[in-house]
There are 2 protein chains.
Amino acid sequence: MEREEITHRIARFPEQCRRAGLKVTHQRMAVYGMLAATDTHPTPEDVYMAIRGPLPSISLGTVYKILDQFQQHGFLRRVSTEGHVARYDANLTAHHHLICEDCGKIQDVELPGPVQEPQLPAGTRFRVSHCDILFHGRCGACAAARPTA
Amino acid sequence: MEREEITHRIARFPEQCRRAGLKVTHQRMAVYGMLAATDTHPTPEDVYMAIRGPLPSISLGTVYKILDQFQQHGFLRRVSTEGHVARYDANLTAHHHLICEDCGKIQDVELPGPVQEPQLPAGTRFRVSHCDILFHGRCGACAAARPTA
DNA sequence: GTGGCTGCAAAGCTTTTGCATGTTC
DNA sequence: GAACATGCAAAAGCTTTGCAGCCAC
């Protein structure tokens, strides 16, 4: 994402909080700012470590609470993974994910046309709210580092 | 899956173990038999509870070890979910999943034609080993029980 | 008989919860 | 000032680990 777009999102965030009935605190701003500025899909621990610099008093428990609230209000999404550690994504535009089985890195990917939003077979009794496509495999860096592994 | 196919899979399982260098134990047979006979994508706890009847001495730790080995040998797959509890699937045929946000139930779904195995945009530096499509939403039963919730 | 497997128990890690204190509005 | 949010610490939940004894081969 471009820097300008990130700045814009962060500038709009206080208004989003108020609409959702959430108070605008330093902690919430720091968590949102960190997530909006990255595309690495951080864990709660990652977020905590990153914002301890500017906000040394923040606690990991608060980070968990904030991430959970933000997800419930739709400010960010949790990425589905097989691992048992949560990973978050503040990019709400339509996209899917590449998950490297070697290094664990998660990258965004946009698919062309109709594949981006697949349809269920006609007659399936299920109302879809959202669809995730996960590509598991090896990223370019890992494939280059150990071609045959 | 038909009952005959399940029986067939279970009958072939000892041979699969031997090829993988794993000894054929009652515990492994019980875990595999339970998973092959269901399409509910059980958690380790589910597996443990289900096989305590026939095998009262089994421990939860052993179930975890066995599930991990089976996954590494490709006898079953772990389903990607946002939750932090592992769920397993012994159905290795090409299919994807419907995940109900209300009741947590996971159902199998087969998609028509090319959508079943989407391709990455040309030039993407990523070697795909496997692709998961997850449809999040509400299942038929939950939609019927509380239409507007 | 031997090597691998199981059962048990303890430990590890992530996440949730409760409550007194502090902050936003 | 009232309501909500934070920080701390304890607890809960899931999973892994270590090891002595047991079992498949």
Side-chain angles (χ1 to χ4, degrees), chain A residues 13-34 41-73 75-76 78-88 104 106, chain B residues 13-34 41-73 75-88 104:
Chain A
F13 186 66
E15 176 57 25
Q16 282 194 69
C17 277
R18 286 188 209 100
R19 260 187 243 165
L22 299 177
K23 289 180 177 172
V24 180
T25 65
H26 296 138
Q27 290 84 347
R28 283 181 178 142
M29 286 302 292
V31 168
Y32 188 79
M34 187 274 181
H41 313 86
T43 66
E45 185 81 23
D46 292 336
V47 175
Y48 174 61
M49 296 309 275
I51 64 184
R52 287 187 77 172
L55 247 178
S57 70
I58 197 167
S59 74
L60 183 56
T62 297
V63 172
Y64 272 97
K65 286 171 192 163
I66 289 175
L67 289 170
D68 192 49
Q69 292 164 342
F70 284 5
Q71 187 199 5
Q72 289 188 18
H73 285 95
F75 300 164
L76 45 82
R78 217 172 141 168
V79 181
S80 299
T81 70
E82 289 170 15
H84 46 129
V85 185
R87 302 192 58 162
Y88 291 91
I106 301 179
Chain B
F13 186 67
E15 177 57 25
Q16 282 193 69
C17 278
R18 287 188 208 100
R19 261 186 242 166
L22 298 177
K23 289 181 175 171
V24 181
T25 64
H26 296 138
Q27 290 83 348
R28 284 182 179 142
M29 287 303 292
V31 169
Y32 187 79
M34 187 274 183
H41 313 86
T43 66
E45 184 82 22
D46 292 336
V47 175
Y48 174 61
M49 296 308 274
I51 65 184
R52 288 187 77 172
L55 247 178
S57 69
I58 198 166
S59 74
L60 182 56
T62 297
V63 173
Y64 272 98
K65 286 172 191 162
I66 289 175
L67 290 170
D68 191 50
Q69 292 164 342
F70 284 5
Q71 188 200 5
Q72 289 189 18
H73 286 94
F75 300 164
L76 46 81
R77 289 184 354 208
R78 215 170 143 170
V79 181
S80 298
T81 69
E82 289 169 14
H84 46 232
V85 184
R87 303 193 57 162
Y88 291 91

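In what follows, chains carry the letters A, B, and so on, assigned in the order in which the sequence lines appear, proteins first and then strands, with residues in each chain numbered from 1. Both backbone and side-chain heavy atoms feed into the values below; hydrogens, waters and symmetry mates do not.
Partner Tyr88(B) forms a side-chain contact (heavy atoms from CB on, under 4.5 Å) with one of Val79(B), Val47(B), Asp46(B), Leu67(B) and no other, that one being Leu67(B).
The separation between Glu82(B) atom CD and dT14(C) atom C1' is 17 Å, rounded to whole Å. One interatomic measurement links the two molecules: NZ of Lys23(B) to P of dG1(C), which rounds to 15 Å at whole-angstrom precision. Leu67(A) places its CG atom 14 Å from the P atom of dT14(C), with the value rounded to the nearest Å. Distance Tyr64(B) OH to dG7(C) C1': 16 Å, rounded to the nearest Å. Note: CD (Gln69(B)) to P (dG4(C)) measures 12 Å, nearest angstrom. Between Ile58(B) atom CD1 and dC5(C) atom C1' the separation is 11 Å, expressed in whole Å. Residue Ile66(A) contributes atom CD1, which lies 13 Å from atom C1' of dT23(C) at whole-angstrom precision.
Closest approach of Cys17(A) and Val24(A) over heavy atoms only: CB-CG2, 4.0 Å. Shortest non-hydrogen contact noted between Phe13(B) and Arg28(B) is CE2-O, 4.0 Å. Of all non-hydrogen atoms in Ser59(A) and Tyr48(A), the two that sit nearest each other are C-CE1, 3.7 Å. Pairing each heavy atom of Arg78(B) with each of Gln71(B), the nearest pair is CB-NE2, 3.6 Å. Minimum interatomic distance between Met34(B) and Ala50(B) (heavy atoms only, all atoms of both residues): CE-CB, 3.7 Å.
Mapped onto DNA chain D by nearest heavy atom, Val85(B) and Lys65(B) fall at different nucleotides, with Val85(B) at the one closer to the 5' end. Residue His26(B) is the one, among His26(B) and Arg78(A), whose nearest nucleotide of DNA chain C lies closer to the 5' end (criterion: closest heavy atom).
Residue contacts shown for Thr25(A) are limited to sugar-phosphate atoms, with no base heavy atom under 4.0 Å away. No engagement by Thr43(A) is indicated, since no non-hydrogen atom pair under 4.0 Å with the nucleic acid exists.
The outermost nucleotides of DNA chain D lying under 4.0 Å from heavy atoms of chain B, listed 5' to 3', are dC14(D) to dC25(D).
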